[in-house]
Amino acid sequence: MITGKNYIGNLLSSVGEITFTTFNPKTNLSNNHTFVEASTVEIQEAVALATKAFDTYKNKSGVEKSAFLLQIASEIEALGDELLHVYCEESGLPLARAISERTRTLFQLQTFAKLVKEGSWVAATIETAQPDRKPIPKPDLRKMLVPLGPVVVFGASNFPLAYSTAGGDTASALAAGCPVIVKSHPMHAGTGELVASAIIKAAEKTGMPNGVFSNLNSSGIQVGIALVEHPQVKAVGFTGSLSGGRALYDLAAKRDEPIPVFAEMGSINPVVLLPTAARTSSEKWAQVYAQSITLGTGQFCTNPGLILGVKSADLDEFISKLSSEILKVAPSCMLHPAIIGNYEKNKETLSSQQGVKVVTSASGAVKENYARQTVITVLGSTFLKNPTLHQEVFGPFSMVVQCDTVDELREIIVHLEGQLTGTILAEGDDLKKYPAVVEGLKTRVGRIIFNGVPTGVEVCDAMVHGGPYPASTDSRFTAVGAASIKRWVRPFSYQNWPNSWLPDALKNENPLGIARFVNGERTTKSIG
Ligand code: NAP
């Protein structure tokens, strides 16, 4: 049941004065529940509880944290149809998407549960003492990863489950041993509260400290700002716009104690259609890309917003096929009037730039909040000169850039801002003939795709979902997959520490049986 209140640790609370409702973009009407924005006092309480909870939670074993994460997954599943119903009501996304996103969310929780139960992720590294070493004896040093402290997670508008309340950021931070305070996304506050109730139930059932999780409502940016500025908050996870992510990053950097902000922001995900592929497979790629550009109404951070090719009759053929194929896709509903407002505004800004040609724009009447898919084209030289054309248009939109030569294409690629993904469409000897294009693209992205589409982010150990700024604020980390846990930890060394007082991961006996580096060798053996 949705109450509209905040979870301050295990307690529901609503002492604030600002209220708001969510919005159903399909019906174009406000939803029924009223939510109360977290007050200053509630923000302080949530952080104080998280800080206290950290003292206990950081010492919970991998087995205990694993049980907690698995219980969260079970409790989310137990929310059943109510969760799916509210998700659809607050996002306008179809039921099938709600179900698949829930599955992804449960899988992420289960994956981190497995990771921390096994335990080797702490990267235990031991160098035993050499008391007789000359001229200076070598001390015993033992290093492992330890949690940072309370983490603030901002729910993402475009993934109400998988990148929000119990999404990848929360699951990885809890797995690392960090309490989490979620700044719920105002567009899906009801979905957020239901998931928060599942996390709280799981925390109570598995004996986790009160304050290990809180969920705060907000209708504007003030709650998020107060959380990021709070001295006891030690890291931030964010998915959303470049302006939002950058504002939070700057705020965190200005604190007396600066903290890391792991923001995953805009990306136009360049796709390079190499000449032989354009000649032999333009029809196939036009069909595939018409689907990819419009998938989820284009509301994915991996949406292909930029397609680069070399001017030719083959590229013209691709553009013409893409235009006709994309018009076959029925316009669909965006997440919120504000999101479609941004889409229309940004689309218009790019479409009205000098030298831009709109080759496809779905015409005819569409329902309120439904987006018309659009493809524009521009010459490579124009694109190079005009940075406005490099901006993300969040929605079912893509731009085909017609380059004069492969050299110009490469020039464009190496001058692009950082991206989450890059894609190479190649046939025959394309790869052999144009290595500089591929090498250039590798320097600008976190993941490079061969003959495929960037949409669809597999959750697995080998995934990199991040990239050079502004795709993310720190390209050394991924927001998806097991390695995303590394955002919430720091390395910590014990020198000459008594064995019985070391954490289990570093003890001579290796009681956890984890893989460790001992004197340069990877092993699960005990020492001595
Ligand atoms: P957003 O504007 O980035 O907001 C995300 C969250 O950050 C919201 O909860 C917002 O708080 C908060 N926030 C934004 N600016 C802030 C600031 N200056 N200081 C503190 N907090 C701030 O994203 P959105 O509202 O979810 O969607 C708007 C646009 O973001 C979309 O149209 C799209 O362009 C982009 N977006 C991109 C991606 C991507 O993956 N690339 C994903 C989602 C959205 P409040 O909501 O409480 O104001």
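We count ligands from 1, going down the list as the structure has it; atoms in each ligand are counted the same way. All residue numbers in this chain count up from 1 along the given sequence. For clarity, every value in this text was computed on a predicted model and none was experimentally measured. Below, each value reflects all heavy atoms present in this structure, side chains not excepted, and no hydrogens, waters or symmetry copies.
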For ligand 1, the residues whose heavy atoms come within less than 4.0 Å (ordered by chain, then number): F154, S157, N158, K183, H185, P186, M187, S218, G220, I221, I225, F238, G240, S241, G244, A247, L248, E264, M265, G266, C301, I339, N342, E392, F394
Sequence neighbours left out, what passes side chain to side chain contact (heavy atoms under 4.5 Å, CB included) with A162? Give chain and number order. E101, R104, T105, Q108, F159
Enclosure of H85 NE2 (heavy-atom neighbours >12, cutoff 6.0 Å): no
With a cut-off of 3.5 Å and sequence neighbours excluded, list every side-chain donor-acceptor pair involving residues 15-22.
from	atom 1	to	atom 2	distance (Å)
T22	OG1	N31	ND2	3.0
T22	OG1	E90	OE2	3.3

Side-chain heavy atoms of F394 within contact of S241, under 4.5 Å: no
With a cut-off of 3.5 Å and sequence neighbours excluded, list every side-chain donor-acceptor pair involving residues 222-231.
from	atom 1	to	atom 2	distance (Å)
H230	ND1	Q232	N	3.0
H230	NE2	Q44	OE1	3.0

Taking atom NZ as the centre, does K26 end up with more than 12 heavy-atom neighbours from other residues, nucleotides or ligands that are less than 6.0 angstrom away? yes
